[in-house]
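Okay, so here's the structure we're looking at.
Positions are given from 1, in the same order as the sequence printed here.
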Amino acid sequence: MAKEPKTEQRAEPDALKVGDFVRWNSSGGTARGKIDRIVRDGSIDVPDSSFTITGTPDDPAALITLYREGEATDRKAVSYTHLTLPTKA
């Protein structure tokens with residue numbers, strides 16, 4: 001029997017809150033992290049760069065602590081359009 005293709009549900013503007021765990025596709029594969037801050041009208045500085053991510057009511061920006069193998073490793077700023085809702089086991 002063939003497996004059904006896996007579909008991912010993108011995060012809606014009000015679907016996530018500070019403390020939620022999320023994931024997204026990055027250049028190194030799937031990244032996972034916990035939301036530390038959400039901006040819906042303004043910008044977040046991308047850590048260790050000169051870039052900013054602008055959050056809007058329709059596409060908020062989130063500052064996220066990355067986790068690898070259960071350990072916090074880094075912080076990133078990501079717009080909601082790139083985030084996938086956490087899966088429930």
Could you list the donor-acceptor pairs under 3.5 angstrom formed by side chains in residues 33-45, with sequence neighbours left out?
unit_1, atom_1, unit_2, atom_2, d
D36, OD1, T65, OG1, 3.4
D36, OD2, T65, N, 3.3
D36, OD2, T65, OG1, 2.4
D36, OD2, R75, NE, 3.4
D36, OD2, R75, NH2, 3.3
R40, NH2, P13, O, 3.2

TODO: Can you see which heavy atom on P47 is nearest to which on A77, and at what distance?
DONE: CD-N, 4.2 Å
Task: Sub-4.5 Å side-chain heavy-atom contact between I64 and L83 - done: yes
Got a list of side-chain donor-acceptor pairs under 3.5 Å for residues 51-63, not counting sequence neighbours?
unit_1, atom_1, unit_2, atom_2, d
T56, OG1, D58, N, 3.4
T56, OG1, D59, N, 2.9
D59, OD1, Y80, N, 3.2
D59, OD1, T81, N, 3.1

